[in-house]
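Below is one structure, written out as structure tokens, with a few remarks after it.
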Protein chains: 2
Amino acid sequence: MTTSAIPIDELSQQLRTGIGRVYRRFRALRATDELGDAAMSVLTRVRKEGPQTLTALSDDARVTPSSMSQTVNRLTAGGYLVRSADPTDGRRVLFELTESGRRTERESIARGRAWFEGELTRATDEERAVLLRAAGILERIADAPAPGERA
Amino acid sequence: MTTSAIPIDELSQQLRTGIGRVYRRFRALRATDELGDAAMSVLTRVRKEGPQTLTALSDDARVTPSSMSQTVNRLTAGGYLVRSADPTDGRRVLFELTESGRRTERESIARGRAWFEGELTRATDEERAVLLRAAGILERIADAPAPGERA
DNA sequence: TATTGTTATACTCTATAACTATA
DNA sequence: TATAGTTATAGAGTATAACAATA
């Protein structure tokens with residue numbers, strides 16, 4: 001394989017387009033769900049990582065603490081999350097899933113997957129291998145610190 | 001290469017995560033731009049495809065006509081797009097770029113690319129080849145008709 | 001009747017600015 | 001002083017419902 005010199009600007013353009021279109025497709029599917037985009041991401045994060053502070057959630061989502069405060073407000077008001085005090089630091093609040101939150105997260109993931117998994121099933125094995133590798137590379141890129149930002 | 005049986009559900013989960021994180025990163029970068037996410041996508045579409053009807057724009061973005069109507073309202077109010085009548089069908093309205101819209105689109109694309117292209121430059125040639133192929137596969141999937149939807 | 005587009009209204013998500021409480 | 005979190009307010013983006021104009 002040569003150093004095939006894929007032009008960075010073309011690659012960038014095509015990836016942005018592809019990613020944007022798939023993301024918006026996901027969002028459209030989730031529009032009929034009881035919870036929105038950001039709210040579902042929070043539930044998934046808490047399910048995977050356990051009880052989280054507000055700061056941890058806002059850092060992870062790359063939104064301001066005040067944005068996240070409002071998102072978790074909606075989630076606690078709706079009974080999906082509960083607040084609990086951090087015994088070691090009175091400033092901190094830990095957010096954890098209720099039974100309802102856990103169930104909602106599980107069901108939404110299952111529903112949202114239907115369309116996407118259907119499409120993935122139609123791809124070839126070789127294409128799926130490409131996509132799997134791409135997923136890892138994209139996640140690494142997404143988590144890379146911004147210039148001037150400490151890791 | 002064996003028929004390596006990548007589990008669809010794992011692949012789906014990892015791709016959704018990777019795509020979601022990169023997309024939100026883009027959105028965060030664009031937050032300081034003069035135009036938002038949906039508005040920029042409209043400008044890009046019109047730049048690439050020429051004057052578009054409202055229905056064409058809403059179909060492409062997979063939002064309702066009324067959502068798109070409001071987005072183009074903001075864009076025409078801001079002087080980025082102009083309306084013109086379709087001579088062959090009095091119901092139709094064609095939206096096209098103004099000079100300002102053209103310039104804004106060009107500059108925003110350039111700015112938004114800085115971070116992403118920097119990261120892509122840090123990847124290996126082989127990784128870039130994987131991402132390029134993935135971009136094409138993702139776009140094909142994103143454009144696939146929903147079950148029951150006509151192509 | 002069907003298609004194209006708009007307006008009214010409401011919700012999610014995000015931001016900045018100003019604030020309280022704890023370390 | 002610095003950190004963790006909240007509230008007030010505003011704007012983008014989306015949806016549904018109800019509507020007008022043209023085909």
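This structure is a prediction, so every number in the text was calculated from the model and none was measured.
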Short side-chain N/O contact to [N] OP1/OP2 from [X], under 4.0 Å:
X: Thr64(B); N: dA15(D); result: yes
X: Asn73(A); N: dT6(D); result: no
X: Arg74(A); N: dC13(C); result: yes
X: Thr71(A); N: dT12(C); result: no
X: Arg83(B); N: dT4(C); result: no

Between the base of dT16(D) and the side chain of Ser66(B), is there a donor-acceptor distance below 3.5 Å?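 Indeed, a donor on one side and an acceptor on the other fall under 3.5 Å apart.
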Is it the case that the base of dT3(D) and the side chain of Arg91(A) share a donor-acceptor contact (distance under 3.5 Å, atom types as modelled)?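 Side chain to base: pair present.
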[X] side chain, from C-beta outward: closest of [options]:
X: Ser69(A); options: dT14(C), dT6(C), dT6(D); value: dT6(D)
X: Pro65(A); options: dA15(D), dT14(C), dT6(D); value: dT6(D)
X: Ser67(B); options: dT22(C), dT14(D), dT6(C); value: dT14(D)

Rounded to whole angstrom units, what separation is found between the [atom1] atom of [X] and the [atom2] atom of [N]?
X: Leu75(B); N: dG11(D); atom1: CG; atom2: P; answer: 16 Å
X: Gln70(B); N: dA10(C); atom1: CD; atom2: P; answer: 14 Å
X: Leu43(B); N: dA12(D); atom1: CG; atom2: P; answer: 14 Å
X: Leu54(B); N: dA20(D); atom1: CG; atom2: P; answer: 19 Å
X: Leu57(A); N: dC13(C); atom1: CG; atom2: P; answer: 14 Å
X: Asp37(A); N: dA12(D); atom1: CG; atom2: C1'; answer: 14 Å
X: Arg92(A); N: dT22(C); atom1: CZ; atom2: C1'; answer: 12 Å
X: Phe95(B); N: dG5(C); atom1: CZ; atom2: C1'; answer: 8 Å

Option passing side-chain contact (heavy atoms from CB on, under 4.5 Å) with Arg102(A) (candidates Arg47(A), Glu96(A), Glu107(A)):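 With Arg102(A) as partner, Arg47(A), Glu96(A), Glu107(A) yield a single side-chain contact (heavy atoms from CB on, under 4.5 Å), made by Arg47(A).
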So does Val63(A) get a backbone contact from the side chain of Ser67(A), meaning a donor-acceptor N/O pair under 3.5 Å?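 Between the backbone of Val63(A) and the side chain of Ser67(A) there is no qualifying donor-acceptor contact (under 3.5 Å).
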Between Tyr23(B) and Tyr23(A), what is the ring plane arrangement, given parallel below 30°, perpendicular above 60°, and tilted in between?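 It falls in the parallel class, under 30°.
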Whether Arg122(B) and Glu119(B) form a salt bridge (side-chain N of Lys/Arg under 4.0 Å from carboxylate O of Asp/Glu) is what I want to check.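 So Glu119(B) pairs with Arg122(B) through a salt bridge.
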Within 45 degrees of the ring normal and closer than 6.0 Å to the centroid, is that where the cationic atom of Arg83(B) sits relative to Phe95(B)?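 Ring-cation test returns no.
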